[in-house]
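Everything on this sheet refers to the single structure shown next.
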Amino acid sequence: MKVLLVFLVFSCPFFCICGLQGRASEEEELVQQVQPVQQETYLIKECLNNKYTHNSCKKIFCHPWQRCVGGNCICKLPYQCPRNGTLVCSSSGRAFRNYCQLKTYECQHPQEKFLNKANCMPAEKFEISLDYADSQSEGLIQVKLVNHTEKLFMCNNEWSMNEANVVCTHLGFKTGAEHHKKKFEVPESALTSSQCLHATCRGLETSLMECSLIKRSNINSNQNFASVVCHKEDDRECSQFHCVNKKCIPLTETCNGINDCGDLSDELCCKECKNNSFHCNSDVCISNKYLCNGEADCLAGEDESQARCGALREQKPNPEIPEQDVVIPNSDTDEALCEQKPNPEIPEQTVVIPNSNTDEALCEQKPNPEIPEQDVVIPNSDTDEERRKIKSQLPLLKCGVTNHRITRQKRIIGGNTAGKGEFPWQVAIREGSGSVNCGGIYIGGCWILTAAHCVRQSRVNQYRIWTGIIDTIAYNQEIDTFKLKQVIIHENYNASSYQNDIALLEMKSNDKGKPCSLAYSIPACVPWSEYLFRSGHQCKVSGWGLADGYTKQFVLRWGNIHLFPNCSDIYEERFFKGMECAGTFDGSIDSCKGDSGGPLVCMDSNNVAYVWGIVSWGENCGVKGYPGVYTKVASFFDWITHHVGRSLISQYNV
Ligand SMILES: *[C@@H]1O[C@H](CO)[C@@H](O)[C@H](O)[C@H]1NC(C)=O
Ligand SMILES: *[C@@H]1O[C@H](CO)[C@@H](O)[C@H](O)[C@H]1NC(C)=O
Ligand SMILES: *[C@@H]1O[C@H](CO)[C@@H](O)[C@H](O)[C@H]1NC(C)=O
Ligand SMILES: *[C@@H]1O[C@H](CO)[C@@H](O)[C@H](O)[C@H]1NC(C)=O
Ligand SMILES: *[C@@H]1O[C@H](CO)[C@@H](O)[C@H](O)[C@H]1NC(C)=O
């Protein structure tokens with residue numbers, strides 16, 4: 001077995017995408033293969049062992065005032081925030097240029113919370129108290145808004161753990177709420193106001209003022225106000241769901257799109273999601289409220305995909321933007337959305353205060369003359385729009401987007417010939433003037449990613465990188481060739497097991513003193529999380545390897561293949577962490593001898609290409625049941641950033 005393995009990958013002079021006939025039924029097979037869900041639990045045990053929380057950027061996007069370092073969201077420093085924005089005031093009366101600067105400051109001074117979006121005025125205060133209970137950690141919630149003298153109860157309808165957790169966090173209970181439904185008696189004398197305050201929170205706010213707040217007339221039963229029991233840290237036994245922050249919540253409350261734990265740990269390892277929530281490919285449940293809201297919540301953006309939200313957006317197509325252009329996630333689709341869909345959280349009769357930032361305000365909806373005056377949006381609360389603004393100002397990498405659309409075919413017929421510019425990240429590695437050794441992937445700057453088994457440090461002067469190759473390896477004017485400055489092979493590369501089969505090549509700029517300029521190349525994005533794509537996802541492999549019948553290949557070929565779920569069953573002790581396997585179930589498309597070092601790219605919902613794998617090894621080319629094995633690039637994100645620098649490849653602030 002081993003001998004065969006080495007034979008396959010060792011110094012292959014040519015490339016192939018094996019097999020020219022695909023099977024029409026591949027996609028159907030894949031659908032059937034989805035496993036039935038165990039009804040008693042929605043949770044994935046192995047995933048829970050990783051103790052993911054709202055700070056785990058392998059699972060979720062960090063807040064825009066944070067960045068992702070080594071898998072954790074870490075606060076930026078205030079100077080790393082955008083400079084302009086809306087002035088905000090903190091709870092201690094300190095003014096900040098914008099919300100981002102306040103949040104970065106809060107990271108270091110947790111008592112300093114958001115108060116409102118305005119110039120700070122002396123003696124402005126926002127107070128929350130828990131009343132009508134025996135214990136100080138529970139009760140009916142009463143709020144005294146800025147400049148108000150009377151206390152308001154919170155409305156009970158749509159009151160969830162998201163809001164309860166924010167109230168408790170606001171009051172200094174680190175792990176948030178224990179319950180949000182306990183009943184407390186209100187004395188008749190306390191019922192002085194006919195209004196209550198309705199809150200909608202995302203669940204990770206630290207101040208209730210960061211939520212959207214609406215004063216409503218309390219038409220329902222007077223007794224029906226929101227209450228909370230805050231969680232006191234303890235070490236009780238937990239027979240239900242043990243949150244990472246040690247809270248114990250009912251199993252029934254996991255995987256429902258609501259942040260019951262307060263640290264989100266009940267929503268991050270889900271096979272499936274309960275009603276009113278959406279399952280991201282990363283096994284995270286998000287509330288249905290966040291679908292098609294113009295802001296990506298799932299890592300690969302599937303909550304905002306064209307397929308899902310297209311109907312909503314079709315109304316307002318922009319004919320000038322071709323589809324293959326960069327789609328900026330989090331860009332403002334509010335206008336398109338609000339024309340179709342009234343915001344479910346804000347009843348139609350709500351009075352919109354100018355400068356508040358509800359969707360309606362964005363749409364410049366004309367006020368409805370029939371609106372009763374008693375429903376009032378509290379201006380200067382609700383930081384949702386500020387958060388989006390910061391996101392929109394984050395630097396955006398230009399990667400993974402081709403100028404040429406890859407020819408679409410409904411059914412995959414294996415091994416297509418690549419067209420001009422369809423795989424602009426594909427490069428070839430030649431040794432001297434000899435033949436092509438291997439493929440490689442351009443990831444930006446002067447950097448090429450390839451397999452460790454393709455290169456040797458001692459031959460750094462012999463290698464030439466060919467970029468801008470259009471379809472054949474025959475010379476043409478778009479081709480640039482580069483010499484190498486250095487070869488970096490992974491320090492734990494094992495040439496007999498193919499573990500850590502990854503290397504970086506730094507090219508020498510052709511133009512002395514200037515950065516590498518690659519006129520016909522576009523970098524592929526580098527994935528930062530192993531959860532970006534999951535087994536079953538269809539990806540594309542490309543190369544010049546041996547074709548069917550092991551014939552030489554001078555034309556760049558590509559094929560659609562799927563990520564396999566069961567590589568360690570197939571290859572047993574030869575399959576290690578940091579490897580991925582992919583192919584077609586009938587073996588009709590595969591990478592082969594000579595494709596080594598080349599890219600396996602997967603597309604996210606915006607059709608942005610990520611280099612998910614590097615062609616590494618395989619049992620044989622195009623044999624049923626033996627998919628090709630790839631170096632799983634996401635597992636090496638930190639290794640890559642260490643060598644090439646974070647800013648070159650850090651998509652979305654990671
Ligand atoms: C922030 O400042 C930049 C550069 O000064 C400017 O281009 C941008 O439009 C400003 N953004 C806002 C929201 O004012
Ligand atoms: C509170 O009152 C002061 C003084 O009247 C006013 O300037 C300020 O804007 C008010 N703040 C809010 C949030 O209404
Ligand atoms: C989800 O569905 C169950 C059963 O259909 C129902 O009892 C429960 O109230 C629902 N949960 C929510 C949050 O709607
Ligand atoms: C390399 O892999 C082989 C085969 O799995 C193993 O026997 C050997 O111990 C590994 N070498 C190192 C340095 O890990
Ligand atoms: C791996 O999964 C594929 C697709 O579900 C299946 O056809 C194949 O039999 C599996 N192989 C093993 C060894 O489990």
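Heads up: numbering here begins at 1 and tracks the sequence. Everything numeric here is computed off the predicted structure, so don't read it as measured data.
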Next on the checklist: Test of understanding: with side chain to side chain contact (heavy atoms under 4.5 Å, CB included), list the residues that count as partners of Leu484, not counting sequence neighbours.
Outcome noted: Val460, Tyr463, Ile465, Val487, Leu505, Met507
Checklist entry - side chain to side chain contact (heavy atoms under 4.5 Å, CB included) with Asn72: which residues, sequence neighbours excluded? => result Ile74
Could you check whether any side-chain N or O of [X] sits under 3.5 Å from a backbone N or O of [Y], counting only pairs where one atom can act as donor and the other as acceptor?
X      : Y      : answer
Ser265 : Thr53  : no
Glu267 : Leu264 : no
Gln462 : Glu431 : no
Asn98  : Thr86  : no
Lys59  : Ser282 : yes
His562 : Phe564 : no
Ser509 : Lys514 : yes
Gln393 : Ile390 : no
Thr641 : Phe637 : yes
Lys76  : Pro64  : yes

Checklist entry - Can you list the steps and then say if Ser596 with His453 is a side-chain hydrogen bond (donor to acceptor under 3.5 Å, both in side chains)? => result CA-CA 8 Å; Ser596 283; His453 79 258; 2.9 Å; yes
Checklist entry - If you measure only the distance, is there a donor-acceptor pair under 3.5 Å linking the side chains of Glu506 and Trp447? => result no
Checklist entry - For the ring pair Phe575 and Trp617, is the centre-to-centre distance below 6.0 Å? => result no
Item to check | Shortest non-hydrogen contact from Val284 toward Cys273 | outcome: O-SG, 4.2 Å
Checklist outcome for this item: Closest non-hydrogen contact found for Tyr520 with Gly468 is CB-CA, 3.8 Å
Item to check | Worked verdict on Trp466 versus Val427 for side-chain contact (heavy atoms from CB on, under 4.5 Å) | outcome: CA-CA 6 Å; Trp466 287 47; Val427 305; over 6 Å; no
Look at the SG atom of [X] and the SG atom of [Y], then say if they are under 2.5 Å from each other.
X      : Y      : answer
Cys68  : Cys57  : yes
Cys438 : Cys454 : yes
Cys285 : Cys280 : no

Are side-chain heavy atoms of [X] and [Y] found at a separation under 4.5 Å?
X      : Y      : result
Val633 : Leu600 : no
Val526 : Tyr610 : no
Leu504 : Trp639 : yes
Arg67  : Arg646 : yes
Phe482 : Lys508 : no

From [X] [atom1] over to [Y] [atom2], what is the distance, rounded to the nearest 0.5 angstrom?
X      : Y      : atom1 : atom2 : result
Tyr630 : Met579 : OH    : CE    : 13.5 Å
Cys567 : Phe576 : SG    : CZ    : 13.5 Å
Lys271 : Ile44  : NZ    : CD1   : 6.5 Å

Hey, is [X] close enough to [Y] for a salt bridge, meaning N to O under 4.0 Å?
X      : Y      : answer
Arg308 : Glu302 : no
Glu295 : Lys391 : yes
Lys389 : Glu386 : yes

Checklist entry - Hey, what's the ring geometry for Phe423 with Trp558, parallel, tilted or perpendicular (30° and 60° as the breaks)? => result tilted
Next on the checklist: Is the ring pair Phe61/Trp528 parallel, tilted or perpendicular, if the boundaries are 30 and 60 degrees?
Outcome noted: tilted
Checklist entry - Would Asn500 and Phe636 satisfy side-chain contact (heavy atoms from CB on, under 4.5 Å), going step by step from the backbone distance to the final call? => result CA-CA 9 Å; Asn500 308 304; Phe636 297 93; 3.2 Å; yes
Checklist entry - side-chain contact (heavy atoms from CB on, under 4.5 Å) between Lys485 and Cys446: does it pass, once the steps are laid out? => result CA-CA 9 Å; Lys485 203 182 209 170; Cys446 291; over 6 Å; no
Item to check | Set of residues satisfying ring pair (Phe, Tyr, Trp, His ring centres under 6.0 Å) with respect to Tyr99, sequence neighbours excluded | outcome: Trp65, Phe114
Under the rule for salt bridge (Lys or Arg N to Asp or Glu O under 4.0 Å), what residues qualify as partners of [X], not counting sequence neighbours?
X      : answer
Arg464 : none
Lys483 : none
Arg97  : none

Checklist entry - Just wondering, more than 12 heavy atoms not from His642 lying within 6.0 Å of its NE2? => result no
